[in-house]
J.: 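Below: one structure in structure tokens.
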2 protein chains.
Amino acid sequence: MKKQPAPDLNSLQKLENQLCFPLYALSRRFTKAYQPLLQELDLTYPQYLVLLLLWEHGQLTVKALGEKLLLDSGTLTPLLKRMEQRQWVSRQRDPRDERSVVIALQPPGKALQERATRIPELLAAQLNMTVPEFEALRGQLYTLLNQLT
Amino acid sequence: MKKQPAPDLNSLQKLENQLCFPLYALSRRFTKAYQPLLQELDLTYPQYLVLLLLWEHGQLTVKALGEKLLLDSGTLTPLLKRMEQRQWVSRQRDPRDERSVVIALQPPGKALQERATRIPELLAAQLNMTVPEFEALRGQLYTLLNQLT
DNA sequence: TTAAATTTAGTTGCACACAATTAAGTTTGA
DNA sequence: TCAAACTTAATTGTGTGCAACTAAATTTAA
């Protein structure tokens with residue numbers, strides 16, 4: 001039950017008073033912080049996200065990956081083809097529903113998991129946040145994500 | 001003086017426990033929320049950010065735009081050339097320092113300001129947040145941005 | 001049953017992002 | 001002074017993102 005849906009409208013025309021800009025900038029800075037760690041594995045950040053899901057689930061359809069990552073086939077198809085070229089994943093039509101393409105983790109992709117183990121903690125260490133702060137912020141971001149989805 | 005720099009490491013390998021993914025997804029969702037409003041002005045979100053700064057400052061160098069937006073010339077140069085083609089901005093070398101290029105707002109670019117007035121409040125209305133919540137979140141995002149910059 | 005609607009990936013085209021490099025201009029320090 | 005170091009944009013090349021569209025497979029509803 002929120003009372004004031006719109007904050008301080010007069011100054012919202014300024015970049016630094018908006019919410020979207022720091023999200024946009026911080027998202028890119030985060031990706032850049034991952035970059036030196038991912039570069040050692042020859043991975044981009046979106047490719048790393050796909051692998052995180054496949055390390056957990058083994059295989060997922062393009063549709064399922066798109067739902068979890070909020071990406072569409074226009075982004076995923078070429079990205080997954082590059083990952084297929086490196087033998088990290090396989091791509092094949094589901095025989096039970098030929099519309100679906102199943103992306104399955106392959107041994108070279110599985111082998112990256114071990115090398116990536118410490119990435120999350122190395123990133124978290126750069127943030128200087130407590131666990132409750134971290135979890136509260138994450139919760140707020142997911143709440144907003146639900147608002148906009 | 002933070003006591004616990006790294007949160008709950010065991011589960012950080014999962015997408016939904018990380019901070020970067022919701023930032024990445026939310027940033028893109030926000031841009032998508034702006035899109036129908038910006039489309040009426042034939043603007044992309046990064047172009048809109050450039051105009052926000054030029055509406056405030058009149059003119060800025062490429063370097064200054066890059067510092068404020070955390071974007072480099074590889075992104076800005078082609079973007080600004082597209083904005084120049086539409087007569088929204090001019091691009092000229094600073095005679096006092098020929099290395100610098102000054103981006104100056106032009107009348108058609110200035111004219112967009114009025115048409116964009118209500119964009120921030122229309123966006124804010126979709127968030128269902130109070131002013132204090134909004135400001136607290138913005139503050140946290142800027143704090144993190146400073147950590148990573 | 002079967003034509004229409006829906007679902008799922010893929011394709012196309014455009015606009016970012018950014019690393020790496022280049023080129024030109026300016027500052028500096030021995 | 002003047003060569004080296006630094007600063008600033010531009011360029012090149014790669015990889016996303018996403019809107020719009022296409023094509024094939026499946027589901028649906030009359």
Side-chain angles (χ1 to χ4, degrees), chain A residues 20-21 23-36 38-40 42-50 60-67 69-86 88-89 91-103 149, chain B residues 20-21 23-36 38-40 42-50 60-67 69-86 89 91-103 148-149:
Chain A
C20 186
F21 172 68
L23 280 168
Y24 161 75
L26 185 55
S27 171
R28 289 183 292 112
R29 283 295 166 183
F30 249 103
T31 301
K32 194 174 288 196
Y34 274 98
Q35 208 273 335
L38 293 178
Q39 189 169 30
E40 296 182 27
D42 206 16
L43 277 173
T44 64
Y45 181 69
Q47 289 168 9
Y48 171 66
L49 294 180
V50 168
L60 288 168
T61 62
V62 173
K63 176 182 166 60
L65 285 170
E67 283 172 354
L69 298 177
L70 301 183
L71 291 170
D72 73 3
S73 66
T75 300
L76 286 174
T77 296
L79 184 157
L80 292 169
K81 282 183 175 176
R82 284 188 282 272
M83 295 181 75
E84 184 189 32
Q85 279 185 345
R86 296 166 188 263
W88 293 335
V89 304
R91 297 165 64 245
Q92 24 182 0
R93 295 276 167 187
D94 182 344
R96 291 169 307 168
D97 184 344
E98 292 277 351
R99 292 172 304 181
S100 293
V101 169
V102 177
I103 307 301
T149 304
Chain B
C20 186
F21 172 67
L23 280 168
Y24 162 76
L26 185 55
S27 170
R28 290 183 290 111
R29 282 295 167 184
F30 249 102
T31 302
K32 194 174 286 195
Y34 274 98
Q35 208 271 336
L38 293 177
Q39 190 169 29
E40 295 182 27
D42 206 15
L43 276 173
T44 65
Y45 182 68
Q47 290 169 9
Y48 171 66
L49 295 180
V50 167
L60 289 167
T61 62
V62 173
K63 176 182 164 61
L65 285 170
E67 283 172 354
L69 299 177
L70 301 183
L71 291 171
D72 73 4
S73 65
T75 301
L76 286 173
T77 296
L79 183 156
L80 293 168
K81 283 183 175 177
R82 283 187 282 272
M83 295 181 73
E84 183 189 32
Q85 280 186 345
R86 296 167 188 263
V89 304
R91 296 166 64 245
Q92 25 181 1
R93 295 275 166 188
D94 182 342
R96 292 170 306 169
D97 185 343
E98 291 277 352
R99 291 170 304 182
S100 292
V101 169
V102 177
I103 307 301
L148 295 181
T149 304

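All heavy atoms count here, side chains included; hydrogens, waters and symmetry mates do not. Numbers restart at 1 for each chain; the letters A, B, ... are given by sequence-line order, proteins then strands. Being a predicted model, the structure only gives us computed values, none of them experimental.
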J.: Does dG15(D) have OP1 or OP2 sitting under 4.0 Å from an N or O in the side chain of Tyr45(A)?
T.: no

J.: Output the rounded distance in Å from CD (Gln85(A)) to C1' (dG15(D)).
T.: 13 Å

J.: Rounded to whole angstrom units, what separation is found between the CG atom of Asp42(B) and the P atom of dA19(D)?
T.: 15 Å

J.: Specify the closest pair of heavy atoms between Leu80(B) and Val50(B), including all atoms of both residues, with the distance to one decimal.
T.: CD2-CG1, 4.0 Å

J.: When you measure from the side-chain N and O atoms of Arg28(A) to the phosphate of dC18(C), is any distance below 4.0 Å, counting only OP1 and OP2?
T.: yes

J.: Determine: side-chain N/O of Gln47(B) to OP1/OP2 of dC16(C), distance under 4.0 Å, yes or no.
T.: yes

J.: Counting just side-chain N and O atoms, does Arg82(A) come under 4.0 Å of either OP1 or OP2 of dT16(D)?
T.: yes

J.: Specify the separation, in whole Å, of atom NZ of Lys81(B) and atom C1' of dC14(C).
T.: 17 Å

J.: Could you tell me whether a side-chain N or O of Arg28(B) sits under 3.5 Å from a main-chain N or O of Leu70(A), the two making a donor and an acceptor?
T.: yes

J.: Mind calculating the distance between CD (Glu67(B)) and P (dT8(D)) to the nearest angstrom?
T.: 8 Å

J.: Under 3.5 Å, is there a donor-acceptor pair between the side chain of Thr61(B) and the main chain of Ala64(B)?
T.: yes

J.: Students often get this wrong, so: under 4.0 angstrom with heavy atoms, is Thr31(A) touching a base, only sugar-phosphate, or nothing?
T.: nothing

J.: Heavy atoms under 4.0 Å, any strand shown: does Arg91(A) hit a base, just sugar-phosphate, or nothing?
T.: sugar-phosphate

J.: Looking at the side chain of Ser100(B), which of dA17(C), dA9(D), dT16(D) is the nearest nucleotide?
T.: dA9(D)

J.: If you take any heavy atom closer than 4.0 Å to DNA chain C, which residues from residues 69-80 of chain A end up in contact?
T.: Ser73(A), Gly74(A), Thr77(A)

J.: State plainly whether the residues Arg93(A) and Glu98(A) are in salt-bridge range, i.e. N to O under 4.0 Å.
T.: no

J.: Side-chain contact, heavy-atom cut-off 4.5 Å: Tyr24(B) with Leu69(A)?
T.: no

J.: Given side chains that start at C-beta, do those of Tyr45(A) and Phe30(A) come closer than 4.5 Å, heavy atoms only?
T.: no

J.: How does protein reach along nucleotides 21-29 of chain C, written 5' to 3' as B (base within reach of a heavy atom under 4.0 Å), S (only sugar-phosphate), or - (no contact)?
T.: ----BS---

J.: Starting at atom CZ of Phe30(A), determine the distance to atom P of dT16(D), rounded to an integer number of angstrom.
T.: 20 Å

J.: Send over the distance from Leu60(B) CG to dA9(D) P, rounded to a whole Å.
T.: 11 Å

J.: Can you check whether Gln92(B) reaches Val101(B) side chain to side chain, under 4.5 Å on heavy atoms?
T.: no

J.: If I take atom OH in residue Tyr34(B) and atom P in nucleotide dC18(D), what distance separates them, rounded to the nearest angstrom?
T.: 16 Å

J.: What nucleotide, of dA10(D), dT16(D), dA17(C), holds the atom closest to the side chain of Arg93(B)?
T.: dA10(D)

J.: Using atom CG of Leu26(B) as one end and atom P of dG17(D) as the other, report the distance to the nearest whole Å.
T.: 15 Å

J.: With heavy-atom distances below 4.5 Å as the criterion, would you say the side chains of Val62(B) and Ile103(B) are in contact?
T.: yes

J.: Quick check on DNA chain C: between Lys32(A) and Val101(A), whose nearest nucleotide comes earlier from the 5' end?
T.: Val101(A)

J.: Can a side chain N or O of Lys63(B) be found less than 4.0 Å away from OP1 or OP2 on dC6(D)?
T.: no

J.: Measuring from Arg99(B):CZ to Lys63(B):NZ, what's the distance to the nearest 0.5 Å?
T.: 9.5 Å

J.: Would you confirm whether Thr77(B), through its side chain, and Ser73(B), through its main-chain N or O, come within 3.5 Å as a donor-acceptor pair?
T.: yes

